[in-house]
Novice: 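Let me begin by handing over the structure; questions about it come next.
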Amino acid sequence: MKIFRLNTLWTKMSFAIFILVVFMMSMVTYLFTISQFKNQRQDLRQNMRRIARQIATIRFAETDGGYYVYQDWIDKIINSDAGEDLVYIAVFDESDALKAFVLNYAWLDIGDLTYLTREEKADIIKALSNNQIASESQKDFDHVVVDILVGEERIGKVDVGFSLIEFNNSMQRQLLLNLKVLALFLVVGIIGTVLMSLRITKPLNKLSAAMKRVSKGDLKHNIESSRQDEIGQLAQSFNHLVEGLREKEIIEKFSDTIAFTLDQDKLTSVLIKQLVTSVDATGGALFLYHGGDKGSVYFSESYPKQSFRRAVLKLSDNFYTQCISTNCVLASSDAIRDETILQIERELSFPIKWIFPLKSKNQLLGLILLGAKKGNTGYSQENIQLLQILINQATPAIENLFLLDELAEQERLKRELEIAKNVQRRLLPAVMPAVKGLAVAGVCEPANEVGGDYFDFFEQNEHRLGIAIADVAGKGTFAAFYMAELKGMMTFLSHGDIAPQDLVSNLNSRLYRSFDRKVFATMIFGVLDTIENEFIFVRAGHTGLLRRDGVDKKTRTVLPKGMGLGLASDRVFDENLQQQTIKLNSGDLLVFYTDGITEAMNDSLQEYGEERLIRLLDRCKDDEPNRVTKAILADVNRFTGSRLQHDDLTMVVIRID
């Protein structure tokens, strides 16, 4: 009967590895869960703040004298998909009196009551708005408040309350899942620690013959011995010496072979063949990651050569996590032997014994799968160490190949983005329109190579000029695609003498049918008549129009009501769209801009803001449009300092001569 012992040193090392695994996995699980919770909660609050801001931008005409516009709008929101988690929406006037509200019964514990009066609903909303909530319910509720502004005047606020019950339940389920994964890590760590403690001794009576073979260059011969005395220790020392010489020879040859290999097929062929032959395995296969889904690897090479029908392997989350967290995995482990392993074995002609992840900086580059050793002798610790050394040598070479491919792809994308940038630049006006009585300037600076901001001019006749400025939600190529679609529709619809309200209504109808439901755009479109000295325009959820009076040189915001394009059907959109006419005087300055200017942030996360823009225009002595645009951009750049531009900057400035 063989007796297996763990010596004192190995006991200490096993204990240290176990403690380290427990500590690291516990910290990773904790930090990941906390980070995930914070990010998801921040996203939820941000979504609710967007809803509140959208409501706050709704304006009603003073002649109407009521808040029915808000009530109609918030009723639609609470019944839409966006209102799924909402508890209430409340609109208060400047004296904090509740003017419009809607309450979702589903999130409230109101006992057996099936009907509440309007006053009872109002009392509940006021209590929630003032955080008058039972202590045990505090964690399940939150709300955001956004001021309603007309220019610099605060006329009220919008308070949006939302439930965190579903959010908290989701996080509890995620925490439980993370704890289960942590438990699996610990099981695998214990099994690996125990397996690495085994050693095989060799008998002394074969030492002489073995030394002769070694002297002739045979470094594959080992001494078999089951003795535990000094002779057994000598046999073990001899085997270590031979193994070291053999590994040194293998490592040196392998290093020389891959040192300057830039051909992927040659490198992978040499790698898998060397790994299989160095430990005398029955076979091996190499799978590499080629971008895309991080949980998928692609068949690259096998030894001995064989066909492989299933080229792509989708790794389970547990499998992927195990590969990232360990240097090697025993394929027979219950924690890793799932459908992924069974799927691979059905394709290969040998059962898988060990799995070695190829990884760099916690990123999976590929998998090396090895069968059992010939003769079923089992892998020694020295075998595992040799394999790991060879893999560590090959990993930088494979990573370099990936980097070369990535650089080539980046160069290709760079060229394509440059082409896209030039194409988008041609979609914007190359020359400002020459209309008698007007001086015009426009500028667009995308945050990336391409962006979603848009402005354009449409000369209807020698004294009528159509002006459009728009902002597609999002940035980069995604927004640029929809910007190009918006440009095409505007070009088609702007022909002829059409009222701004009719044109924008028609545009919304088309965009509502063609845009993704998560995509919308804001716009100001109007027609400037130099004969009638008036500007007729509509605002579809866009930032307000700034008008600097040519007489008193004071800048004011013109903000008719309107909602974003593509958000609602024709009836709802048209009900919330107001066409407004401005009588113009000589010297008037009209400034159209996107929110990339007013929402530009400095290092303290402060926004530039509309008030700062208005003060700049009031101070500006020069009213030449080109110099006004440069002054605004320069002031924004001074404000943001070293902080990178996070949104497109677009504006149009027109002076009435």
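All residue numbers refer to positions in the sequence shown, counting from 1.
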Novice: Tell me, please, which residues at least two apart from Arg45 pass salt bridge (Lys or Arg N to Asp or Glu O under 4.0 Å).
Specialist: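 If we apply the salt bridge (Lys or Arg N to Asp or Glu O under 4.0 Å) test to Arg45, skipping adjacent residues, the hits are Asp142.
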
Novice: State the CD-CG distance between Glu445 and Asn637, to the nearest 0.5 angstrom.
Specialist: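 Rounded to the nearest 0.5 Å, the CD-CG separation comes to 7.0 Å.
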
Novice: Applying side chain to side chain contact (heavy atoms under 4.5 Å, CB included), can you list everything that pairs with Glu166, at least two apart in sequence or on another chain?
Specialist: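 Here the qualifying residues are Trp107.
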
Novice: Please list, chain by chain and in numerical order, all residues satisfying salt bridge (Lys or Arg N to Asp or Glu O under 4.0 Å) with Glu485, sequence neighbours excluded.
Specialist: none

Novice: Between Asn104 (side chain) and Leu86 (backbone), is there a donor-acceptor pair under 3.5 Å?
Specialist: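 At least one qualifying donor-acceptor pair exists.
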
Novice: Could you list the residues that satisfy side-chain hydrogen bond (donor to acceptor under 3.5 Å, both in side chains) with Gln388, not counting sequence neighbours?
Specialist: Asn392

Novice: Just how far is it from atom CZ of Phe162 to atom CG of Asp140, taken to the nearest 0.5 Å?
Specialist: 12.0 Å

Novice: In this structure, which one of Leu367, Leu286, Leu387 forms a side-chain contact (heavy atoms from CB on, under 4.5 Å) with Phe356?
Specialist: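 Output: one option passes, namely Leu387.
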
Novice: What pairs with Arg49 under side-chain hydrogen bond (donor to acceptor under 3.5 Å, both in side chains), at least two apart in sequence or on another chain?
Specialist: none

Novice: Please list, chain by chain and in numerical order, all residues satisfying side-chain hydrogen bond (donor to acceptor under 3.5 Å, both in side chains) with Asp43, sequence neighbours excluded.
Specialist: none

Novice: Rounded to the nearest 0.5 Å, what's the gap from CD1 on Ile368 to CG on Leu275? Could you check?
Specialist: 5.0 Å

Novice: To the closest 0.5 Å, what do you measure between CH2 (Trp354) and CD1 (Ile384)?
Specialist: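 The CD1 atom of Ile384 is 4.0 Å from CH2 of Trp354, to the nearest 0.5 Å.
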
Novice: Check Gln274 against Thr277 and note the closest heavy-atom contact, atom names and distance.
Specialist: O-OG1, 3.3 Å

Novice: Taking only residues two or more places apart in sequence or in another chain, which ones pass side-chain hydrogen bond (donor to acceptor under 3.5 Å, both in side chains) with Lys359?
Specialist: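 Partners of Lys359 under the side-chain hydrogen bond (donor to acceptor under 3.5 Å, both in side chains) test: none.
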
Novice: What is the distance from atom CG of Leu164 to atom CZ of Arg41, rounded to the nearest 0.5 Å?
Specialist: 5.0 Å

Novice: According to side chain to side chain contact (heavy atoms under 4.5 Å, CB included), who are the partners of Arg643, at least two apart in sequence or on a separate chain?
Specialist: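 Arg643 satisfies side chain to side chain contact (heavy atoms under 4.5 Å, CB included) with Met601, Asp603, Leu605 once adjacent residues are dropped.
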
Novice: Just wondering, more than 12 heavy atoms not from Glu84 lying within 6.0 Å of its CD?
Specialist: no

Novice: Please name all residues satisfying side chain to side chain contact (heavy atoms under 4.5 Å, CB included) with Lys374, sequence neighbours left out, ordered by chain then number.
Specialist: Asp280, Thr282

Novice: Residues in side chain to side chain contact (heavy atoms under 4.5 Å, CB included) with Asn602, at least two apart?
Specialist: Ser604, Gln606, Phe639

Novice: What heavy-atom pair brings Val144 and Ala52 nearest, and what distance separates the two atoms?
Specialist: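 Minimum heavy-atom separation between Val144 and Ala52: CG2-CB, 4.3 Å.
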
Novice: Report, as yes or no, whether the 6.0 Å neighbourhood of atom NZ on Lys373 holds more than 12 heavy atoms from other residues, nucleotides or ligands.
Specialist: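 Atom NZ in Lys373 is crowded, with more than 12 foreign heavy atoms closer than 6.0 Å.
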
Novice: Atom CZ in Arg173, atom CG in Asn169: separation rounded to 0.5 Å?
Specialist: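 Rounded to the nearest 0.5 Å, the CZ-CG separation comes to 6.0 Å.
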
